[in-house]
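For reference, the structure discussed in these notes is given below.
In what follows, chains carry the letters A, B, and so on, assigned in the order in which the sequence lines appear, proteins first and then strands, with residues in each chain numbered from 1.
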Protein chains: 2
Amino acid sequence: MAVVNRALKYDGTVSAAVTVDLVIFTVREASLRVLLIERGKPPFEGGLALPGGYVRVGEGLDQAALRELAEETGIDGRELHLEQLRAFGAPERDPRGRTFTVAYLALGPDLPTPVAGTDAATAHWVPVEAALSAELAFDHLAILKEGLDRARAKLEYTTVAAAFCRQPFTLAELRHVYEVIWGIPLDPSNFRRKVTKAAHFVEATGESRTPEIGRPAALYRRGSAELLFPPMPRSADGDDASV
Amino acid sequence: MAVVNRALKYDGTVSAAVTVDLVIFTVREASLRVLLIERGKPPFEGGLALPGGYVRVGEGLDQAALRELAEETGIDGRELHLEQLRAFGAPERDPRGRTFTVAYLALGPDLPTPVAGTDAATAHWVPVEAALSAELAFDHLAILKEGLDRARAKLEYTTVAAAFCRQPFTLAELRHVYEVIWGIPLDPSNFRRKVTKAAHFVEATGESRTPEIGRPAALYRRGSAELLFPPMPRSADGDDASV
DNA sequence: CCCACTTAAAGTCCTACTGACCATAAGTCG
DNA sequence: CGACTTATGGTCAGTAGGACTTTAAGTGGG
């Protein structure tokens with residue numbers, strides 16, 4: 001390590017390893033789930049952690065996030081929503097030494113059960129409530145919380161909710177995404193009015209899908225809009241208090 | 001290269017310098033300004049750049065941002081709003097070698113003209129329109145743009161606008177912040193109704209200030225609320241289109 | 001001392017959006 | 001065919017916001 005700080009650095013400035021960590025959410029079976037791995041080696045061996053890994057030479061941050069996503073889950077990242085959360089760099093966040101991590105938030109439709117990656121022993125889709133009360137490695141609990149907050153907030157004023165739905169989808173499925181992530185029920189009728197009136201949130205395919213019971217539902221696919229204006233109203237009594 | 005990298009770490013992972021860069025905004029004389037420095041040494045010597053510097057050993061990111069803020073501007077960061085934007089880490093962003101930077105956004109009332117810091121030759125408050133068409137060092141133009149977008153967006157749904165006003169302030173001063181940052185005029189009457197009805201955005205001091213001409217204006221100070229609900233409406237014809 | 005001027009503050013009117021409902025449609029299953 | 005389920009459409013009242021008018025409270029000039 002000492003060799004690393006060669007002529008490059010003069011005084012007390014840091015030369016450190018940089019990693020990316022991913023908060024990957026999906027909606028499955030009426031619950032919001034996050035992908036966690038059991039660490040295959042120390043530190044925190046056997047403990048739960050967010051998937052992630054070192055940024056490589058010549059590799060950008062987004063690029064590293066996409067690669068880790070593919071390696072740990074076997075998923076082509078171009079199919080999901082991926083955005084940077086922020087950087088975390090508390091001096092003691094990694095017992096091995098100084099590391100910085102750049103956290104990413106990934107949102108996608110019910111994803112295949114991931115294959116074991118390089119570092120990861122096994123990966124699971126864990127309901128977020130369970131994950132929030134679990135002991136996660138490093139500062140991953142804080143990262144998860146920020147990812148959850150960001151996801152909840154983004155549903156309000158963007159169209160990312162549709163990223164959780166495999167296309168084509170019904171409006172009930174889209175509404176279900178909101179209900180699960182916000183943890184509150186929404187009025188189906190008002191939700192429909194809102195979504196269909198918003199410009200380019202969803203566009204009707206003209207087809208419909210007949211469920212086992214009940215009236216067939218019209219099918220939609222994602223529209224071109226990224227922002228949702230006016231925003232989807234979240235009832236004033238926020239659930240941020242629920243920790 | 002290959003040999004070097006192998007010596008650095010086991011495989012092709014990065015060990016790099018980490019810096020913080022600050023986008024510091026203030027409102028002065030009817031324009032939004034950003035603090036830029038003339039670089040005192042290569043690379044980009046003599047060019048304009050955002051203030052910033054290396055993160056030190058044992059120092060957290062927020063801590064580094066606060067320290068740089070004090071060093072470059074002589075300002076006590078506890079008096080302004082400071083938040084992380086995100087990390088930037090394109091492989092070629094620094095000609096000296098691989099570096100990552102964590103960008104911060106700082107918002108404050110009309111700040112004193114900063115003193116020359118360690119690296120900085122001289123610092124100036126540059127109107128943002130000018131800064132956007134200037135040639136900034138590294139990827140600082142992209143960082144500035146993101147900071148500007150973030151600031152504009154945050155005025156909508158948070159109470160940060162008040163961070164630009166020295167307390168106590170009049171509602172006209174607060175409105176002026178919105179008008180300058182959004183670049184659009186707001187109706188004084190509707191603005192007043194909105195701000196005073198919102199819970200804990202501002203609280204009246206009971207006093208008033210008599211200007212050189214015109215009716216005296218009531219004085220307010222910041223309230224306890226951080227979020228603004230419902231949001232301050234930005235006229236539908238947003239400037240998001242301007243890219 | 002009254003008036004012109006400036007800005008602050010308060011009120012009016014109308015439209016758009018939303019929450020809480022109720023009603024109807026279109027399937028499946030007995 | 002009728003019961004059940006879910007989808008879709010409509011009504012109605014309350015609220016928030018844009019455009020606008022009116023009144024208030026200072027200044028300085030004739």
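- For B/D187 and C/dT7, the CG to C1' distance is 14 Å, given to the nearest whole Å.
- Between the B/R86 side chain and the B/V102 main chain, no donor and acceptor come within less than 3.5 Å of each other.
- Atom OH of B/Y178 and atom P of D/dG17 are 12 Å apart (whole Å).
- The separation between B/L186 atom CG and C/dT7 atom P is 17 Å, rounded to whole Å.
- Per the geometry, CZ belonging to A/R192 stands 6 Å off P belonging to D/dG9, to the nearest Å.
- C/dA26 atom P lies 18 Å from atom CD of A/E207, rounded to whole Å.
- The interatomic distance linking A/L219 (CG) with D/dT6 (P) rounds to 17 Å, in whole Å.
- The nearest whole Å value for the distance from the CZ atom in B/R193 to the C1' atom in C/dC13 is 11 Å.
- B/E226 CD: 12 or fewer foreign heavy atoms inside a 6.0 Å radius.
- With C/dG19, C/dA10, C/dT28 as the candidates, the nucleotide lying closest to the side chain of A/T210 is C/dT28.
- Rounded to the nearest 0.5 angstrom, B/K154 NZ and B/L227 CG are separated by 8.0 Å.
- Heavy-atom distances to DNA chain D give each of B/P230 and A/A218 a nearest nucleotide, and the one nearer the 5′ end belongs to A/A218.
- Taking only side-chain atoms of B/P233, from C-beta outward, the nucleotide of C/dG19, D/dT6, D/dG17 with the closest atom is D/dG17.
- For the 3.5 Å distance criterion, the side chains of A/D110 and A/T26 fail to qualify, holding no donor opposite an acceptor.
- When rounded to the nearest whole Å, the span between CZ of B/R215 and P of D/dG26 equals 8 Å.
- A/K197 comes within contact range of no nucleotide atom at all, as no heavy-atom separation falls under 4.0 Å.
- A distance of 12.0 Å separates OH of B/Y220 from CD of B/E173, quoted to the nearest 0.5 Å.
- Within the 4.0 angstrom heavy-atom criterion, base atoms lie near A/S189.
- Distances shown here put every side-chain N or O of B/K194 at or beyond 4.0 Å from the OP1 or OP2 atom of D/dA16.
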